[in-house]
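Report on one structure; see the data block that follows.
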Amino acid sequence: MPEFLDEIEACVPALRRYARALTHNVDRADDLVQDCIERALRKHRLFRPRGPLRPWLFKILLNLFRNQHRHDKRHAPPLPLEGLIAEPAQPAPQPGRLALAEMARALQQLPDDQRAALLLIVLEGFSYSEAAELLGVPMGTLMSRLARARAALRVLTDTPGEPRLRSVK
Amino acid sequence: MSRSTLPVTEAELMAYVDGQLSPERRAAVEAAVADTPLLGAHAALWRQQNDAIATLYGPVANEPVPGRLVPHRMRRPAAPSWARLAAAALVLLALGGAFGWTGRDIVGEDEPAREVLIEAAVNAHRVYSAENRHAVEVAAAEQDHLVTWLSNRIARPIDAPDLTAFGLELVGGRLLPADVDLEAGPAAQLMYQTADGQRVTVYVTGSVPGEAGANETIMLGQDQAFYWANEAITCTVVGQLPPQTLEPVARAVFEQLTDGPYRGNQG
């Protein structure tokens, strides 16, 4: 049991990061993580995962997120972006603050499925096959979610003057 | 056409940007990206997206973790149901002062007894149903002895349910040690088998406080488990048969095991 707790603990920072990006809300994100850990502690005897703990924990968190969303389908009031974006301790070299705020807003406008998939890859570094398994979808579905997410982000963050791209054949 | 001259697909270009391309294709895609402005523009844009996301949320992982998210501090029981709290309160009231803390065992469990029991039943099923020569301690040929022995050891008269109507023949049974956390006492495992060798086990223990009337159906990996409890026993039926086949089996076990003189409040 203690090793199990240690293993979960090691995953908490990543779970928080993922939940924060998923919800763009500090309290909601941490509530999700707390529910996730509680469920993991309760379920570990019966559903002890065979492999590593990390994908299992993300799976629990995503299930909780989906269930919650089903309940409060009405969307939260517009996002107060100020203060939620991690105040860059080291000023971001490339994208300016405006571009970052735009990206944060664009991410939240993506359908949940697409956002969940993209963040697993880009933010958490899961492999495509791990992410597909964790989400319970075939690889092709994952890839098309990623492609649609990227295309939508491009449109949503399109700044005038940027080269317009057609889709890759 | 060789691997290196295949056209670059959108998925491949994404995999390239996400660092998930197989080494053999990476060089080819890299060359194509350098040669084809459209591919290059896409790759650059996607990379910007990745960077922006990482800049936005990456630092969250370095924030100090609030205490409520530290697993070691969270190891407390899940909120007990009101019924259990009320039961515990009664026990506390009844026992009072010196014995007051006895009630803690009821409220302070880490998880419901049924989860412990189901897990034990499924584990035992996995271990012994895979055995050929040592699947049981006492074979069905000595059924009378088997039933008497197990009944004595779990201190509950049980009969081996007759499941021949479902094509399940009794193989035999064994006694298993108790879970140290529970007061259920040792467990009896009865094993049944279909003509084509599919095994179903019935795992029976003495009753556990607060479990009477409980019911649970759960899928664990390949194994389906049906659990129920009454005032006298807890029983878990485990097998890999399809749920629609196993469910009537579990019901038959319930009916036969609760039909005796020791049946509890089950209707």
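Quick note on labels: first sequence line is chain A, next is B, and so on, each numbered from 1.
- The backbone N or O of A/Tyr128 lies less than 3.5 Å from a partner atom in the side chain of B/Gln20, making a donor-acceptor pair.
- Nearest heavy atom pair, residue A/Leu123 against residue B/Gly58, reads CD1-N, 4.0 Å.
- Using a 4.5 Å cut-off on side-chain heavy atoms (C-beta onward), B/Glu10 and A/Leu146 make no contact.
- Here the straight-line distance linking atom CD1 of B/Ile53 with atom CG of A/Leu107 works out to 4.5 Å at 0.5 Å rounding.
- Interface remark: A/Asp31 contributes backbone and side-chain atoms alike to the contact with chain B (heavy atom separation under 4.5 Å).
- Heavy atoms of other residues, nucleotides or ligands lying less than 6.0 angstrom from CD of A/Glu9 number more than 12.
- Neither the backbone nor the side chain of A/Leu15 comes within less than 4.5 Å of any heavy atom of chain B.
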(message) side-chain contact (heavy atoms from CB on, under 4.5 Å), that's the test. Do B/Arg68 and A/Ile37 meet it? Break it down for me.
(response) CA-CA 10 Å; B/Arg68 68 172 173 132; A/Ile37 301 170; over 6 Å; no
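- The shortest heavy-atom contact between A/Arg17 and B/Ala61 is NH1-CB, 3.5 Å.
- The two atoms that bring B/Pro71 and A/Ile8 nearest to each other are CG-CG2, 3.6 Å, heavy atoms only.
- With a 4.5 Å cut-off on side-chain heavy atoms, A/Ile121 and B/Met14 do not count as touching.
- The closest side-chain heavy-atom distance from B/Asn50 to A/Arg150 is below 4.5 Å.
- For A/Val33, the parts lying near chain B are the backbone and the side chain together; criterion is any non-hydrogen pair under 4.5 Å.
- For the set B/Ala15, B/Ala225, B/Gly19, the entry with the most heavy-atom pairs within less than 4.5 Å of chain A is B/Ala15.
- The distance from atom OH of B/Tyr57 to atom CG of A/Leu22, rounded to the nearest 0.5 Å, is 9.5 Å.
- Salt bridge annotation for B/Glu63-A/Arg20: present, with a cationic side-chain nitrogen under 4.0 angstrom from a carboxylate oxygen.
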(request) Just do the side-chain contact (heavy atoms from CB on, under 4.5 Å) check on B/Gln49 and A/Val122 with the steps written out, would you? (result) CA-CA 9 Å; B/Gln49 292 177 345; A/Val122 171; over 6 Å; no
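- B/Pro66 places a side-chain heavy atom less than 4.5 Å from the side chain of A/Arg16.
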(request) Apply side-chain contact (heavy atoms from CB on, under 4.5 Å) to the pair B/Gln48 and A/Thr157, showing each step before the final yes or no. (result) CA-CA 11 Å; B/Gln48 273 174 28; A/Thr157 60; over 6 Å; no
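- Rounding to the nearest 0.5 Å gives a distance of 12.5 Å between CZ of B/Arg73 and CG of A/Leu5.
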